[in-house]
Amino acid sequence: MASGGFGFRAYTLFDTLVWIACLNVLWIAFTVLGGVVLGVGPSTAAAHVLVRDKVRGNAAPLMRRFAREYFKNFAKGNALGLPLIAVGVALSLNWAYFSAGWDFGSQIASAGILMAALFAAGTVCYLFPMFARYELSLPQYFLMSSRFAVRHLAGTVILLFVTAAALFVCRSIPGLIPFFGIGAWLYVTGWLCDRFFTANDEAMAAAVGDAAARGAASGPASAASPPPAAAAASAQSGAGPVSTTTHSTEASLV
């Protein structure tokens, strides 16, 4: 039994590594197909859709599904990706300019740029996994991912650590980039975000259920206790779980 269990785990690990390598190759190929700048967003969106299916045990032909999601979300992927590229370029240029100065003002500006870069990186880690999971308007993806990054600092720190580790490994062993560098980062961050979002949705459902139970227990004549809908709306002030519903798909933030 022990050897059989080990064999199954070894097979699962090998299968996942091969899947990650294929995802890595597809991401690079379709990014180049889009001229790099116009290919990064759609490739990342398609990759995270496939990662979410993979971690949930939904098998699908990898190349066919990737191509379908890439072309299906080409416009939306670029609407998400191009602003991120612009922000990244702006932060890089400002960092290069201010970090070269030794005066106090330059050091303060460099520290501010570093904090902005960390916030942007944390937002990016949530943005495309959120796109793969929820159906929202484009501005809401940016709003909700940045809000999630701030409210869930522990998860954000973990994602930033994974990102830093991936960058360190790729810089130390550049030969991994064509096979595992990007795909492994996409898979691990997608897997983590799926766990974070699931836990948050469960907390949101529990909070709404508790509000409904309190409303039912207090009776319809009680004016002091707000109805469940009002309780859910008041949560948007930051006191509790926040739910944003768009196109009948619920995206909740705590």
Side-chain angles (χ1 to χ4, degrees), residues 40-42 44-56 69 73 76-88 91 112-167 184-211 231-254:
V40 172
T44 306
H48 274 293
V49 171
L50 268 67
V51 167
R52 182 168 184 260
D53 286 346
K54 176 69 174 177
V55 299
R56 288 173 170 252
E69 294 295 336
N73 297 308
K76 289 184 178 179
N78 277 305
L80 296 176
L82 291 178
L84 298 178
I85 294 174
V87 169
L91 289 173
I113 293 169
L114 178 60
M115 295 301 296
L118 290 175
F119 172 73
T123 300
V124 170
C125 289
Y126 290 112
L127 181 63
F128 286 98
M130 190 170 287
F131 174 80
R133 184 183 181 98
Y134 302 111
E135 187 179 350
L136 303 170
S137 65
L138 290 173
Q140 282 183 309
Y141 285 118
F142 290 102
L143 174 63
M144 294 302 176
S145 57
S146 60
R147 194 174 180 183
F148 206 96
V150 172
R151 292 197 173 192
H152 294 261
L153 288 178
T156 303
V157 170
I158 293 172
L159 291 171
L160 290 176
F161 176 79
V162 169
T163 301
L167 290 173
W185 177 77
L186 291 168
Y187 181 82
V188 174
T189 55
W191 181 85
L192 287 171
C193 285
D194 187 69
R195 297 302 188 272
F196 297 155
F197 294 155
T198 298
N200 185 77
D201 291 347
E202 290 173 352
M204 177 64 195
V208 172
D210 290 343
S234 66
Q236 295 186 3
S237 63
V242 177
S243 173
T244 299
T245 304
T246 304
H247 303 308
S248 300
T249 300
E250 183 181 38
S252 55
L253 297 175
V254 174

| task | Assess whether side-chain contact (heavy atoms from CB on, under 4.5 Å) is satisfied between N200 and R151, documenting all intermediate values. | result | CA-CA 11 Å; N200 185 77; R151 292 197 173 192; over 6 Å; no
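Applying the side-chain hydrogen bond (donor to acceptor under 3.5 Å, both in side chains) test to pairs two or more places apart or on separate chains, none has a residue in residues 112-123.
Scored by the side-chain contact (heavy atoms from CB on, under 4.5 Å) test, A47 finds L23, W27, F66, L186 as partners (sequence neighbours excluded).
Ring orientation note: the planes of W185 and H48 are nearly perpendicular, at an angle over 60° on the 30°/60° scale.
With rounding to the nearest 0.5 Å, the separation of CG in L80 from CG in L127 is 5.0 Å. How far CD1 of I158 is from CZ of R195: 13.0 Å, rounded to the nearest 0.5 Å. Distance CG/L143 to CG/L138: 12.5 Å, rounded to 0.5 Å.
Here the closest heavy-atom approach between residue V51 and residue G190 is recorded as CG1-CA, 3.9 Å.
Using a 4.5 Å heavy-atom threshold, the side chains of V162 and W191 count as separate. Contact annotation: the side chain of T156 never approaches that of F119 to less than 4.5 Å [non-hydrogen atoms, C-beta and beyond]. The shortest distance between side-chain heavy atoms of R56 and T198 falls below 4.5 Å.
Between the side chain of Y134 and the backbone N or O of Y141 there is no donor-acceptor pair closer than 3.5 Å.
Screening F142, Y126, F196 for a ring-ring contact (aromatic ring centres under 6.0 Å, His included) with F148, the sole residue that qualifies is Y126.
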